[in-house]
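Each chain gets a letter, A, B and so on, in the order the sequences are listed, and its residues count up from 1.
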Protein chains: 2
Amino acid sequence: MAKSTNREDHLKALYALGERKGGSDAWVATNDLAAHLQVKAPSVSGMVQVLQELGWAEHRPYHGARLTPSGRSLALSLVRKHRLWETFLVQRLGFGWDEVHDIAEQLEHIDSVELVQRLDAYLDHPEVDPHGEPIPNVHGDILDKRVLMPLSELPAGAWGQIGAVQDDQGQVLDQLQRNNLGLGSVIGPKERTTLPAEGHQYILVTPWENADARPQTSAP
Amino acid sequence: MAKSTNREDHLKALYALGERKGGSDAWVATNDLAAHLQVKAPSVSGMVQVLQELGWAEHRPYHGARLTPSGRSLALSLVRKHRLWETFLVQRLGFGWDEVHDIAEQLEHIDSVELVQRLDAYLDHPEVDPHGEPIPNVHGDILDKRVLMPLSELPAGAWGQIGAVQDDQGQVLDQLQRNNLGLGSVIGPKERTTLPAEGHQYILVTPWENADARPQTSAP
DNA sequence: CCTATTTTTTAGCCACACCTAAAAATGACA
DNA sequence: TGTCATTTTTAGGTGTGGCTAAAAAATAGG
C-alpha cells in the first residue's frame with residue numbers, strides 16, 4: 001500500500017486547509033475536505049483512515065484530521081511539483097496565469113525525483129510560482145520573507161502591492177488580468193472598488209502605511 | 001465511460017503490436033498484449049471487450065483484436081505525446097536517451113490539447129524523437145521518408161547508418177551509448193560484432209550497398 | 001440540561017482493473 | 001480425423017475509491 005493519485009490529492013487538500021486554518025497543528029473538518037476535493041463526506045472519511053494507516057495523517061473521529069510530519073513532507077513535495085510545473089507552463093510555454101492550474105494538477109503526480117530536480121534547475125530555481133506563491137525547496141522548507149496580507153484585511157485607505165494570488169479556480173486571476181493587474185501591481189482605493197469584493201481575501205498584498213511610500217511599479 | 005490511463009495503455013499496446021505485425025489490419029493476440037503490458041491474459045481479454053464497447057477496437061473472440069480508425073487515432077495521439085515529451089526530456093532537460101521512457105510513459109497521459117500544441121512549438125516541431133522514432137503530427141500522420149531496416153536484416157558485409165532505436169527497456173540504448181554510438185553513427189562489420197546480437201533487430205539502419213558510399217558522420 | 005440540528009461515521013453498494021482457476025475454443029500432429 | 005496441447009475466455013474474487021442511506025456523535029439553542 002503506497003502512493004496513489006487520490007491519496008496524494010487528499011494529502012494536498014489536508015495540507016492546504018490546514019495552512020488556511022493556521023498551521024500544522026490545526027484539525028481539518030471532514031466536510032471541508034469533501035468540499036475542497038469535490039467529493040462526498042463518506043469518501044473523505046474512508047480516505048482519511050487509510051492515510052492514518054499509512055502514517056501520513058492523524059484522525060480524531062468526529063473531530064477532524066491533520067497531517068503527520070511524513071504526510072506533511074509528502075504534501076510539500078506535491079506543492080513543490082505543482083508550483084514548478086506552473087512556472088514551466090507560464091514562463092517556458094507561454095500559458096496565461098489563469099490557465100495552468102488544472103494542467104499542473106495532473107503534472108504534480110508524475111513520479112520522478114530526477115525530473116523535479118532537472119525541472120527546478122531548468123527554471124533557474126524559482127522561488128515563487130506565477131501566482132506569487134512560494135515554491136518549497138527540495139527539503140520541503142518554504143523560505144518566504146515577504147509580509148503579505150489579504151487585500152480584504154488591508155486597512156481602508158491603505159495602499160498595497162500584489163504579492164500573490166491564491167486562486168485555484170482562476171476567477172480572481174481572470175479579474176485581475178482584465179484590469180491589467182498582476183504581481184507587483186499597486187492597489188489603491190480605486191482598484192479596491194473595481195475588483196469584486198469576494199476576491200479580496202485571495203489577493204495577498206504587501207501593505208504600506210501611506211501612498212507616498214509606494215515604490216514604482218508597472219502592470220504585468 | 002471514457003478515457004483512462006489503463007485503457008490508453010491498452011490502446012497504445014494494440015497499436016504498437018499491430019504495427020509490428022504489419023499494419024492496421026493485423027490482428028493482435030491476447031497473449032502478446034498481456035506480455036507487452038506485463039499483465040495476465042484474462043485482464044487483457046476484459047479490457048479488449050471494453051475497448052470494443054467504446055468503439056476503439058474490434059475483437060474477434062479466440063482470434064485477436066485490432067484498432068478501429070478512432071482507436072488508432074487515439075493511439076497515435078498518445079504516441080505523439082510520448083515522443084514529444086521524450087524530446088523535451090532529452091533536449092531541454094538534459095536526460096540521457098536511455099532514461100526517458102518511463103517518465104514519458106507517465107507524461108503521455110496528461111490530458112490537455114493546448115499543452116501538446118505549445119510543447120510541440122516549444123521544441124520547434126520536431127520530426128523525430130531522441131531515439132529517431134518519427135513523431136506523428138497533430139492529425140496522427142507519420143511522414144517519415146527514411147529507408148530503415150533492422151540491423152539484423154542488413155546483408156552481411158553491408159554498412160548502415162543508425163536511424164532509429166526501438167528499445168523501450170533501454171538495454172540496447174545503453175549498449176550503444178557504451179560503445180559511443182548514437183543516431184547517425186555508422187555501423188560496419190566491426191560494430192556488428194561488438195553489439196550483442198539480441199539487440200540487432202531493434203536497431204534500424206539506413207543501408208548502403210558498399211562502404212565507399214557512406215557519408216561522413218560522428219558519434220553523438 | 002435536554003432536545004434538535006448538524007456533522008461525521010458506518011454499512012452496504014457499484015465501477016474499474018487486476019488476479020487465479022476452470023471451461024471453452026482453436027489448432028497441430030499423429 | 002481424433003486427440004492433445006495451447007490459447008483464450010468466463011467465472012469468481014480482491015483492492016481502490018467513489019456513492020447513498022442510516023446510525024452515531026457532537027454541537028447549538030431553548
Side-chain angles (χ1 to χ4, degrees), chain A residues 1-15 17-18 20-21 26-67 71 74-75 78 105-106 108-109 111, chain B residues 1-15 17-18 20-21 26-67 71 74-75 78 105-106 108-109 111:
Chain A
M1 198 138 84
K3 275 193 283 191
S4 84
T5 298
N6 291 321
R7 307 213 245 256
E8 288 188 341
D9 284 339
H10 281 75
L11 281 177
K12 239 191 60 169
L14 208 36
Y15 171 76
L17 298 184
R20 198 179 295 174
K21 271 211 160 64
W27 294 96
V28 177
T30 300
N31 265 355
D32 292 352
L33 280 169
H36 190 261
L37 290 161
Q38 308 253 62
V39 136
K40 302 300 176 185
S43 305
V44 169
S45 214
M47 183 60 88
V48 159
Q49 288 169 47
V50 170
L51 296 183
Q52 163 137 287
E53 283 160 30
L54 289 164
W56 295 337
E58 198 179 345
H59 182 217
R60 267 180 57 186
Y62 294 101
H63 188 262
R66 63 182 182 189
L67 294 172
L74 281 170
L78 289 163
E105 203 75 14
Q106 297 180 61
E108 73 191 5
H109 297 294
D111 185 26
Chain B
M1 198 137 84
K3 275 193 284 191
S4 84
T5 298
N6 291 322
R7 306 212 244 256
E8 289 188 340
D9 284 340
H10 281 74
L11 281 178
K12 240 190 58 168
L14 208 35
Y15 171 76
L17 298 184
R20 198 178 296 174
K21 271 211 160 64
W27 294 95
V28 178
T30 300
N31 265 355
D32 292 351
L33 281 168
H36 189 262
L37 290 161
Q38 308 253 61
V39 136
K40 303 299 176 184
S43 306
V44 170
S45 214
M47 183 60 87
V48 159
Q49 288 168 47
V50 170
L51 295 183
Q52 163 136 286
E53 284 161 28
L54 290 164
W56 295 338
E58 199 179 343
H59 182 217
R60 267 180 56 186
Y62 294 101
H63 188 263
R66 63 182 181 190
L67 294 172
L74 281 170
L78 288 164
E105 202 75 12
Q106 298 180 61
E108 73 191 5
H109 298 293
D111 185 26

Here's a test of your reading of the structure: between Tyr62(A) and Ser43(A), which maps to the more 5' nucleotide of DNA chain D?
Ser43(A)
Using a cut-off of strictly less than 4.0 Å, decide whether Gln38(B) has a side-chain nitrogen or oxygen near OP1 or OP2 of dC18(C).
no
If you take all heavy atoms of Glu108(B) and Glu105(B), which pair is closest and at what distance?
CG-O, 3.4 Å
Residue pair Asp32(B), Lys21(B): steps toward the salt bridge (Lys or Arg N to Asp or Glu O under 4.0 Å) verdict:
CA-CA 11 Å; Asp32(B) 292 351; Lys21(B) 271 211 160 64; 3.0 Å; yes
At less than 4.0 Å, is any side-chain N or O atom of Ser4(B) found next to OP1 or OP2 of dC16(C)? Yes or no.
no
Sugar-phosphate, base or nothing in reach of Thr30(A), heavy atoms under 4.0 Å:
sugar-phosphate
Please state how far atom CG in Asp32(B) lies from atom P in dT7(D), giving the value in whole angstrom units.
10 Å
So does His10(A) get a side-chain nitrogen or oxygen closer than 4.0 Å to the phosphate oxygens (OP1/OP2) of dG17(D)?
no
So, does Gln49(A) use its side chain to make a donor-acceptor pair with the main chain of Ser45(A) at under 3.5 Å?
yes
Arg60(B) has an atom CZ; how far is it from atom C1' of dT26(C), in whole Å?
12 Å
Minimum side-chain heavy-atom gap Leu74(A)-Glu8(A) below 4.5 Å
no
Would you indicate what Val39(A) reaches in the nucleic acid, counting non-hydrogen atoms under 4.0 angstrom: base, sugar-phosphate, or nothing?
sugar-phosphate
Is it the case that the side chain of Glu58(B) and the backbone of Arg66(B) share a donor-acceptor pair, with hydrogens and angles ignored and the cut-off at 3.5 Å?
no
Consider the side chain of Lys40(A), meaning its heavy atoms from C-beta on, and name the nucleotide among dT9(D), dT8(C), dT20(D) that approaches it most closely.
dT20(D)
For atom CE of Met47(A) and atom C1' of dT10(C), their distance in whole Å:
17 Å
Write down the distance between CH2 (Trp27(A)) and C1' (dA26(D)), rounded to a whole number of angstrom.
16 Å
Here the distance between atom P of dC16(C) and atom CG of Asn6(A), to the nearest Å, is 15 Å
Would you mind telling me which of dT16(D), dT9(C), dT9(D) lies closest to the side-chain atoms of Pro61(B)?
dT9(D)
N/O (side chain, His63(B)) to phosphate O (OP1/OP2, dA25(C)) under 4.0 Å
no
Taking NZ from Lys3(A) and P from dT16(D), how many angstroms apart are they, rounded to a whole number?
17 Å
What is the distance, rounded to the nearest whole Å, between atom CG of Asn31(A) and atom P of dT27(D)?
13 Å
Leu33(A) CG - dT9(C) C1' separation (whole Å)
14 Å
Given dA21(D), dG17(D), dC19(C), identify the nucleotide with an atom nearest to the side chain of Pro42(A).
dA21(D)
